[in-house]
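Report on one structure; see the data block that follows.
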Amino acid sequence: MAPGLLDLVHLTTWAVCAVIKLPQLVAVLRAGSAWGLSLSSLLLELAGLLVFLRYQIYYGYPLETYLEFPVVIAQDVILISCIMHFSGKVRRAFFYAFLFWVGWYMLTLKKWIIDLAMNMCTFISAASKLVQLQHLRETKDSGQASALTWGMSVYASAARIITTLMTTKDLAVLIRFIVMLILNIWVTATILHYKKTKKTD
């Protein structure tokens with residue numbers, strides 16, 4: 001792949017990820033409700049994103065291969081805060097913030113810790129998607145879940161498979177993005193299914 005094409009994939013990924021959670025956030029704020037969203041799913045996703053970002057920084061990977069992650073993390077924190085506000089769980093936010101802050105620093109105490117965390121990161125991130133799928137199936141209602149946000153996640157995962165193959169070739173990272181691509185497609189399809197079902201009722 002030509003360097004120009006690789007740069008284009010990086011740029012489009014950054015652009016998509018700069019607004020990836022905004023459709024979800026707008027839906028939640030408009031409705032004044034987080035119905036259809038799983039707080040557990042978002043907390044697991046945030047944990048996976050933090051581990052992945054820390055791993056990339058620890059190994060000194062090129063900034064362009066993970067530049068979007070701080071932006072996505074910030075958007076996740078805002079979305080989680082809104083969900084906690086609408087569900088009356090604001091006090092728990094401080095506990096989670098402290099837990100993530102301690103985890104962030106503990107990850108790099110030893111090399112084996114960050115390596116193990118990265119291998120577990122794929123399972124944590126996959127669990128976040130599976131928890132959201134379970135929530136959708138239990139409620140049989142996509143509620144405020146945004147198919148656009150999940151669709152953008154599909155693109156970002158696919159793009160990062162390409163950039164990983166072209167740059168770091170890190171197998172753990174590649175496996176993570178392949179698993180995320182499959183699960184993001186599944187969640188998107190499930191949201192669209194329940195939105196369609198709701199419209200026909």
Side-chain angles (χ1 to χ4, degrees), residues 1-26 41-79 104 107-108 111 114-133 136 142 145-193:
M1 186 184 307
L5 188 53
L6 181 60
D7 291 340
L8 179 64
V9 174
H10 282 310
L11 286 172
T12 57
T13 304
W14 298 333
V16 166
C17 289
V19 297
I20 198 164
K21 298 290 180 173
L22 292 184
Q24 187 64 76
L25 189 56
V26 167
S41 171
L42 284 165
L43 290 169
L44 285 168
E45 177 182 62
L46 181 59
L49 291 171
L50 288 168
V51 168
F52 184 78
L53 177 62
R54 194 66 162 159
Y55 178 86
Q56 296 279 328
I57 293 168
Y58 182 83
Y59 279 104
Y61 285 155
L63 182 62
E64 61 270 9
T65 63
Y66 64 90
L67 185 62
E68 72 274 13
F69 280 85
V71 176
V72 175
I73 288 168
Q75 292 176 55
D76 253 358
V77 168
I78 293 167
L79 184 57
W104 175 261
L107 284 171
T108 54
K111 181 184 180 302
I114 191 69
D115 290 339
L116 177 63
M118 181 58 198
N119 288 321
M120 291 180 65
C121 172
T122 299
F123 295 108
I124 292 167
S125 296
S128 78
K129 313 303 183 204
L130 294 171
V131 167
Q132 182 62 45
L133 280 165
L136 289 167
S142 59
S146 170
L148 181 57
T149 288
W150 286 94
M152 288 191 285
S153 295
V154 169
Y155 174 79
S157 297
R160 282 303 173 209
I161 290 170
I162 294 167
T163 60
T164 301
L165 287 170
M166 294 301 301
T167 55
T168 64
K169 296 176 181 58
D170 185 313
L171 186 61
V173 173
L174 186 60
I175 290 169
R176 179 187 184 278
F177 283 127
I178 291 169
V179 170
M180 292 306 97
L181 175 63
I182 293 165
L183 292 174
N184 285 332
I185 290 170
W186 192 2
V187 174
T188 304
T190 304
I191 290 170
L192 291 172
H193 169 73

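Because only heavy atoms are used, hydrogens play no part in the values below, and waters and symmetry mates are left out as well, while side chains stay in.
Leu130 contributes atom CG, which lies 10.5 Å from atom CD of Gln132 (distance to the nearest 0.5 angstrom). The structure places CD1 of Ile114 at 8.5 Å from OH of Tyr55, a figure rounded to the nearest 0.5 Å. Annotation: the span from Lys129 atom NZ to Ile185 atom CD1 amounts to 12.5 Å, rounded to 0.5 Å. Separating the CG atom in Leu6 from the CD1 atom in Ile162 is a distance of 9.5 Å, to the nearest 0.5 Å. Rounding to the nearest 0.5 angstrom, the gap separating the CD atom in Gln56 from the OG1 atom in Thr168 is 6.5 Å. Taking CG of Leu79 as the reference point, atom CG of Leu22 lies at 10.0 Å (rounded to 0.5 Å).
With Tyr155 as reference, Thr12 is the one residue of Thr12, Thr13, Asn184 to meet the side chain to side chain donor-acceptor pair (under 3.5 Å) rule.
Put simply, the side chain of Ser128 never gets that close to the backbone of Leu44: no donor and acceptor are under 3.5 Å apart. At least one donor-acceptor pair closer than 3.5 Å links the side chain of Thr149 to the backbone N or O of Gln24. A donor-acceptor pair under 3.5 Å is absent between the side-chain atoms of Thr164 and the main chain of Ile161, judged by distance alone. A donor-acceptor pair under 3.5 Å links the side-chain atoms of Gln75 to the main chain of Ala18, judged by distance alone.
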Checklist entry - So Glu68 and Val16, side chain to side chain contact (heavy atoms under 4.5 Å, CB included) or not? Walk me through it. => result CA-CA 9 Å; Glu68 72 274 13; Val16 166; over 6 Å; no

Checklist entry - How far apart are the C-alpha atoms of Thr163 and Met166, what are their side-chain angles, what is the distance that settles it, and do they pass the side chain to side chain contact (heavy atoms under 4.5 Å, CB included) test? => result CA-CA 5 Å; Thr163 60; Met166 294 301 301; 5.6 Å; no

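Proximity of the aromatic rings of Tyr66 and Tyr59 is defined here by a centroid distance below 6.0 angstrom, and this criterion is not met.
Counting heavy atoms from C-beta on, the side chains of Asp76 and Glu45 come closer than 4.5 Å. Looking only at side-chain heavy atoms (C-beta outward), Tyr58 and Met118 stay at 4.5 Å or farther from each other. In this structure the side chain of Leu53 reaches within 4.5 angstrom of the side chain of Ile57, judged on heavy atoms.
Under the ring pair (Phe, Tyr, Trp, His ring centres under 6.0 Å) criterion, Tyr61 pairs with no residue, sequence neighbours left out.
Ring geometry for Phe52 versus Phe177: interplanar angle over 60°, hence perpendicular rather than tilted (30 to 60°).
Here the closest heavy-atom approach between residue Glu64 and residue Arg160 is recorded as O-NH2, 3.0 Å. Met180 and Ala126 make their closest contact through CE-N, 3.4 Å (heavy atoms, listed as atom of the first residue, atom of the second, distance). Smallest separation of non-hydrogen atoms from Ser41 and Val131: N-CG1, 3.8 Å. Considering every non-hydrogen atom in both Thr188 and Ala147, the closest pair reads CG2-O, 4.0 Å. Annotation for Thr65 and Pro62: closest pair OG1-O, 2.6 Å, computed over non-hydrogen atoms. Heavy atoms only, all atoms of each residue included: Gly48 and Ser125 are closest at CA-OG, 3.6 Å.
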